[in-house]
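Here the structure comes first, spelled out in structure tokens, and everything after it is commentary.
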Amino acid sequence: MATIDIRSVSKAYGGHAPVLTDIDLSIRDGEFIVLVGPSGCGKSTLLRMIAGLEAISAGTIAIGGRVVNDLAPKARDIAMVFQSYALYPHMTVAENMTYSLRLKKTPRATVAEKLEAASRKLGLDAFLARKPKALSGGQRQRVAMGRAIVRAPKAFLFDEPLSNLDARLREQMRAEIRKLHAGLGATSIYVTHDQVEAMTLADRIVAMHGGIIQQVGSPLDLYDRPANLFVAGFIGSPGMNFLPGRWDAGARAVRLSDDSALPVERAIDLPDGSAVTVGVRPEHVGLGGDGGLAAAVDLVEPTGHGIILHLRLQDQPFKALTTDRRYLTPQESVRVTMPADRLHLFDGNGDRIA
Amino acid sequence: MRAIGTLAHRLAILVYIAFALFPLFWLVKVSVTPNDLLYSEGIRLWPSRTTFEHFRFVLAHSDFPLFFRNSLIVSLATAFAATTLAGFAGYALSRFAFRGKLTVSGLLLVTQMFPLVMLVAPIFKLLSPLGLTNSLTGLVVVYVAFNVPFACFLMQSFFDGIPRDLEEAAMIDGASRFGAFRQIILPLTLPGIAATVGFVFTAAWSEMIFALMLISSNEKATFPVGLLSFVSKFSVDFGQMMAAGVLALIPACLFFLLIQRYLVQGLTAGAVKG
Ligand SMILES: Nc1ncnc2c1ncn2[C@@H]1O[C@H](COP(=O)(O)OP(=O)(O)OP(=O)(O)O)[C@@H](O)[C@H]1O
Ligand SMILES: [Mg+2]
């Protein structure tokens, strides 16, 4: 187990525009970090640089205080779980899981012991003699995890390890990963596209976009105080609603395009008339009542747990989430309210205000 | 309806196999036909009397065993050397990015464009000062040179078919790049290696032009050239020639029997999600 320090790391694939720019990140010993971001933002690239599979163009990466830029993957003592699982097809499950130990010439008794412990933890005892092709997707995924945990490495890297599983299995494995981490306490970096995985697993989430870190913080930090429009829109599902407006310093409110005012409680220091974007999460939108703004219903999506309403507000798409099984039909109009303490304000550059 | 379809399918395959194997059957037939019946019963499917006299003669009284041994040496050496070289080159082409990669591939392709006959004279000129004419080594060198490019593309495509994740996983598990190649990639490429070895072996086994032009003495001749010795100025001894031909088929058949279990694809099943 170890800390991981990433200092001013950049990556450009020969001749192309940089994929990662100036990445700075300090990961504490035993911390569970989740990397999120849209496809192509460089998450896998960052992970592969930490693993040693990709050269580092600029900056340094240190594992356990030791700079590893020039170390081969095998000298870095990290384990990685691939999205494709990457099981060795010609080896049995047991051979797959013990390959790293055998490479290190671990005594047979120790190998057997660790295999036994890992396979029990993952419920793989019955499959040890099988080849990967005779396993289901979920079992293969477990073997891939098992291959990592028999080693007790300095850090675990996960590149979307659950994305090939169905929803139920994913939920189950998510809980197991959480348990494994609690048990092993190993420093982990986990890449995912799944909101729920990110929120439930992470000690801290790193949100990336266009090769740049947008925000680092606890899951609730990112949810409650997104640093900019990108993070605000990326975290949470369905995504946050945005409305363009102007700051009215006199009224201490945001004027929307139809001149209606949304009062803001916080102290805000902005020149009068500057352009702002107001954000509000669908789950915080109030429906019905007298006040508020008029909106038309476009589409009603029942999810069982609640209803996602696709609205049209001042000609902008706008979503509301309600657990009230109110009978609403398309074309109907409804009043929406946005609680002042739930509003997020972003300036002209898209950065959070206050 | 389905049954008729299946039947037609089987029948079509059967017809094709009969068509493809008929020359081989004729070869065998002639090799066991006594000389006095060869012309009188020329078009019968099977002679009224069979004999192994031709085989006995070829094995005991001709140079054929010598030709056979030479062919075996040349073909095995060629298959081994060409596949080894092509394996390494194919791996590099498949896995590494390096300057001039496209040029190298292009040049490999260019070597495949010339009819061999065009190259016989220059190659003879090149080999003769080196003392490599009329030598099996010289023949192996030439065969390897001509077979490596295609074998290389063949091996490259087999390596391309193996996910990179596998060797990366091995490297993270603590293997060196070469270790990952040897322990993970190589075992998975066995079908490819078998196919390549088989391809190169048969190419060398049946090669005629260079064997004819570069080898001048009987002791160094390979069997395709040796077969010609059954053609004399006045007659062709078909019985003996066919017997030699049948014997020449044996190693090729044995060889494919040996490697056929690797030719069956599907060794990588289960590596990735699939
Ligand atoms: N070998 C390469 N050569 C050139 N560009 C590459 C190479 N590998 C990746 N890239 C580029 O780098 C960028 C980041 O890729 P990366 O795989 O890290 O994205 P990602 O965040 O993991 O995306 P995803 O969520 O889809 O897995 C992409 O724009 C990709 O096109
Ligand atoms: Mg990725």
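Owing to the predicted nature of the structure, the values given are computational and were not obtained by experimental measurement. In what follows, chains are A, B, ... by sequence order, proteins preceding strands, each numbered from 1.
No donor-acceptor pair under 3.5 Å is formed between the side chain of A:Y88 and the backbone N or O of B:Q183.
Of the charged side-chain nitrogens involved, none lies within less than 4.0 Å of a carboxylate oxygen, so that B:D173 and A:K74 do not count as a salt-bridged pair.
Ranking B:G179, B:S176, B:A169, B:A175 against chain A, the residue ahead of the rest is B:A169, based on heavy-atom pairs under 4.5 Å. Contact tally against chain A (heavy-atom pairs below 4.5 Å) for B:R164, B:E168, B:M171: the top residue is B:E168.
Proximity to chain A (any heavy atom under 4.5 Å) is shown, for B:A97, by neither the backbone nor the side chain. At a 4.5 Å heavy-atom cutoff, A:R76 makes no contact with chain B through either its backbone or its side chain. Neither the backbone nor the side chain of B:E167 has a heavy atom closer than 4.5 Å to any heavy atom of chain A. Heavy atoms of A:A79 lying under 4.5 Å from chain B belong exclusively to its backbone.
B:Y16 OH: 12 or fewer foreign heavy atoms inside a 6.0 Å radius. More than 12 heavy atoms of other residues, nucleotides or ligands shown are found within 6.0 angstrom of CZ on B:F98. Enclosure of atom CZ in A:R178 by more than 12 non-hydrogen atoms of other residues, nucleotides or ligands within 6.0 angstrom is indicated. Around the CG atom of B:L102, the shell of radius 6.0 Å holds no more than 12 heavy atoms that belong to other residues, nucleotides or ligands.
The closest side-chain heavy-atom distance from B:I172 to A:P153 is not below 4.5 Å. A heavy-atom distance below 4.5 Å is found between the side chains of A:Y99 and B:I184.
B:A170 and A:L103 make their closest contact through O-CD1, 4.5 Å (heavy atoms, listed as atom of the first residue, atom of the second, distance). Counting all heavy atoms, side chain and backbone alike, A:P89 lies closest to B:L166 at CD-CD1, 3.9 Å.
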